[in-house]
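Read through the structure below, which is laid out as structure tokens, and then see the notes.
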2 protein chains.
Amino acid sequence: MQGVSGCVKLQPMSTIAKALGLLDLFSDAQPALGLTDVQRLSGRDKATVHRHLVALEQAGFLEQDASTRAYRLGPALTRLAGMRVRTVPEVEMLRTVIGNLSREAGELVHVSRLQGFDLVHVHHAEEHEHPVRVSFDAYGLPPLFATASGKAYLAFSPGGVLDLALADPRTRLPGAPAPQRIEIEAELKQIATRGYARNRDGLRLGVSSVAIPVFDAAGRAFATCSIAYPTGRGGKATEAHLARLLMQRGEEISQAMGGSVPQHIVQLWTPAQERAAS
Amino acid sequence: MQGVSGCVKLQPMSTIAKALGLLDLFSDAQPALGLTDVQRLSGRDKATVHRHLVALEQAGFLEQDASTRAYRLGPALTRLAGMRVRTVPEVEMLRTVIGNLSREAGELVHVSRLQGFDLVHVHHAEEHEHPVRVSFDAYGLPPLFATASGKAYLAFSPGGVLDLALADPRTRLPGAPAPQRIEIEAELKQIATRGYARNRDGLRLGVSSVAIPVFDAAGRAFATCSIAYPTGRGGKATEAHLARLLMQRGEEISQAMGGSVPQHIVQLWTPAQERAAS
DNA sequence: CTCCCCTGGTTCATTATGTGAACCATTGTC
DNA sequence: GACAATGGTTCACATAATGAACCAGGGGAG
């Protein structure tokens with residue numbers, strides 16, 4: 001029954017790859033696996049699997065529950081991941097994932113981090129060949145309420161944050177009237193159920209964008225990722241398309257920055273059929 | 001020159017262990033290593049090291065900087081660590097590390113998490129043989145200002161938290177007068193420079209304790225770990241000894257819960273001579 | 001510019017190392 | 001008490017890891 005895996009034996013997979021591959025069998029749905037579970041899922045021989053599991057356990061990548069004998073992810077992972085987050089600059093962590101997103105979206109992608117109520121630029125990527133491009137200022141601090149990013153952040157933060165943001169004049173465009181609390185609340189609620197925030201010509205004429213929050217390890221929004229595009233490039237369909245790409249990459253982006261997306265938002269971002277195919 | 005490593009060849013280290021061992025060469029001080037760096041540090045052959053590095057990279061445990069060709073810890077670590085934090089209950093994550101601490105301290109060890117200003121019990125360990133033991137109530141919610149844990153948390157949290165805590169009557173013993181702001185501030189400052197909080201007979205007569213905060217991935221205090229002992233068991237020397245054990249394990253404890261200790265506090269907790277020997 | 005040394009990376013014969021069918025030991029269920 | 005799970009171990013076999021020697025590029029120093 002096993003051994004009929006579709007892949008051709010091009011270059012004989014290293015034992016290291018095989019062992020590390022076992023870690024990918026653990027999931028949110030199945031966080032603890034017994035020896036035979038792993039054996040079944042991997043399709044490899046039981047003895048081999050066992051030796052690999054022991055090796056991974058000795059390195060701290062797995063740990064074994066004393067009573068059930070089941071294996072689960074080990075403490076070395078948190079240790080090393082912590083080190084990575086501390087030592088690798090955010091820009092580096094984001095480069096590939098944001099680059100890919102920009103390439104597949106064909107538009108400008110931004111990541112900003114929140115400092116107080118300022119959206120400070122972290123990284124951007126513009127890997128496309130459109131002759132018409134959106135210009136931007138990496139050093140500007142756009143007001144929260146005038147951007148998709150700002151609204152994405154507020155929509156996925158606890159209620160108190162909105163109160164503080166409304167009280168701060170720097171969160172709106174200079175000269176603009178204070179946003180109506182009731183209207184904003186309705187819009188944020190929409191965003192929270194839709195999964196992403198949008199903005200059409202709100203900050204600069206001719207520039208639209210969609211945005212989602214980025215979550216830290218505790219599941220709190222602390223940054224945002226947005227795709228900006230010339231409003232002329234398309235209507236509702238374009239927006240929906242870009243938003244979908246963005247949400248598909250949402251989990252990857254939070255993970256790249258050392259965080260993780262709360263489960264209920266993962267479900268919001270992942271269409272049911274895609275989730276089924278994993 | 002190599003091969004003179006002191007360890008006897010009891011059981012020939014698996015290639016998996018060898019490869020995973022390479023990850024331990026990365027540190028806060030040296031977060032990026034070139035091929036020859038790794039080769040030197042590991043003492044293994046260059047070709048071997050290279051194959052291992054490639055295997056680790058392909059699995060996402062390392063990534064290679066495109067320009068410098070140096071390797072650094074990869075994104076798979078944050079992905080798996082996030083999964084571990086989500087799926088493994090806190091109690092499980094803490095069991096071994098807290099158990100060890102209790103064994104070496106010979107006293108009761110507690111971990112509590114902050115929910116609002118309540119210290120809710122997460123896990124405890126009591127791995128010792130003293131005939132005299134400290135009893136405790138896992139379901140009680142002791143007032144912040146009456147415990148070492150509470151003060152440890154406040155001392156390592158931003159200033160605004162103290163204001164809120166002072167305003168809340170639940171943070172003090174029923175019937176007790178409100179703490180004097182100026183005195184509390186002085187004590188917290190002491191704790192912050194000393195590295196740990198202490199309590200002698202403050203909550204219950206005959207029970208003393210020392211405590212440190214536990215930090216999340218963003219370096220914010222969100223829980224505490226304390227050692228409780230009968231006041232009669234010793235004086236200042238005992239307290240200092242237990243506090244030292246606690247601080248030595250501090251980083252491990254935060255890491256076990258998926259967080260990491262801010263660098264300046266690691267230095268506070270680790271005596272200079274110990275840091276040199278790594 | 002050439003030489004030299006130091007990188008990162010690759011080759012290929014040798015053999016140590018990982019492999020897996022068959023085996024044992026426990027546990028729990030009918 | 002038979003049976004079917006589970007986790008774990010053994011040992012002959014051959015696959016996959018090893019490392020000395022090799023290549024290629026890049027940056028100083030002279």
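Naming convention: chains lettered A, B, ... in sequence-line order (proteins, then strands); numbering from 1 in each chain.
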Whole-Å gap separating [atom2] ([N]) and [atom1] ([X]):
{"X": "B:L53", "N": "D:dT18", "atom1": "CG", "atom2": "P", "result": "12 Å"}
{"X": "A:Q39", "N": "C:dT19", "atom1": "CD", "atom2": "P", "result": "14 Å"}
{"X": "A:M13", "N": "D:dA17", "atom1": "CE", "atom2": "P", "result": "11 Å"}
{"X": "A:R44", "N": "D:dG8", "atom1": "CZ", "atom2": "C1'", "result": "19 Å"}
{"X": "B:L22", "N": "D:dA17", "atom1": "CG", "atom2": "C1'", "result": "14 Å"}
{"X": "A:D37", "N": "D:dT6", "atom1": "CG", "atom2": "P", "result": "8 Å"}

Does any N or O in the side chain of [X] come within less than 3.5 Å of the main-chain N or O of [Y], such that one atom is a donor and the other an acceptor?
{"X": "A:D118", "Y": "A:V120", "value": "no"}
{"X": "B:S149", "Y": "B:S226", "value": "no"}
{"X": "B:T78", "Y": "A:Q255", "value": "yes"}
{"X": "B:Q64", "Y": "B:R69", "value": "yes"}
{"X": "B:R95", "Y": "B:H123", "value": "no"}

Taking only the side-chain nitrogens and oxygens of [X], find out if one of them lies under 4.0 Å from OP1 or OP2 of [N].
{"X": "B:H52", "N": "D:dT18", "answer": "yes"}
{"X": "A:R51", "N": "C:dT19", "answer": "yes"}
{"X": "A:S14", "N": "D:dA16", "answer": "no"}
{"X": "A:H50", "N": "D:dG7", "answer": "no"}
{"X": "A:R40", "N": "D:dT6", "answer": "yes"}
{"X": "A:Q64", "N": "D:dG8", "answer": "yes"}
{"X": "A:T48", "N": "C:dG20", "answer": "yes"}

Problem - Within 6.0 Å of CD in B:Q30, more than 12 heavy atoms from elsewhere - result: no
Side chain of [X] (C-beta onward), nearest among [options]:
{"X": "B:L35", "options": "C:dG8, D:dT18, D:dT9", "answer": "C:dG8"}
{"X": "B:T15", "options": "D:dA16, C:dT17, D:dG19", "answer": "C:dT17"}
{"X": "B:R69", "options": "D:dG8, D:dT6, C:dG9", "answer": "C:dG9"}
{"X": "B:K18", "options": "C:dT19, D:dT18, D:dT9", "answer": "D:dT18"}

Handout entry: Parallel, tilted or perpendicular: ring planes of A:H124 versus A:H110, cut at 30 and 60 degrees
Key = tilted
Practice task
For A:I16 and for A:Y71, locate the closest nucleotide of DNA chain D by heavy-atom distance; then report the residue assigned to the nucleotide nearer the 5' terminus.
Solution key: A:Y71
Problem - Counterpart residues, ring-ring contact (aromatic ring centres under 6.0 Å, His included), relative to B:F222 (two or more places apart) - result: none
For nucleotides 22-26 of chain C, give me every protein contact, N/O to N/O, under 3.5 Å, one pair per line with atom names.
none

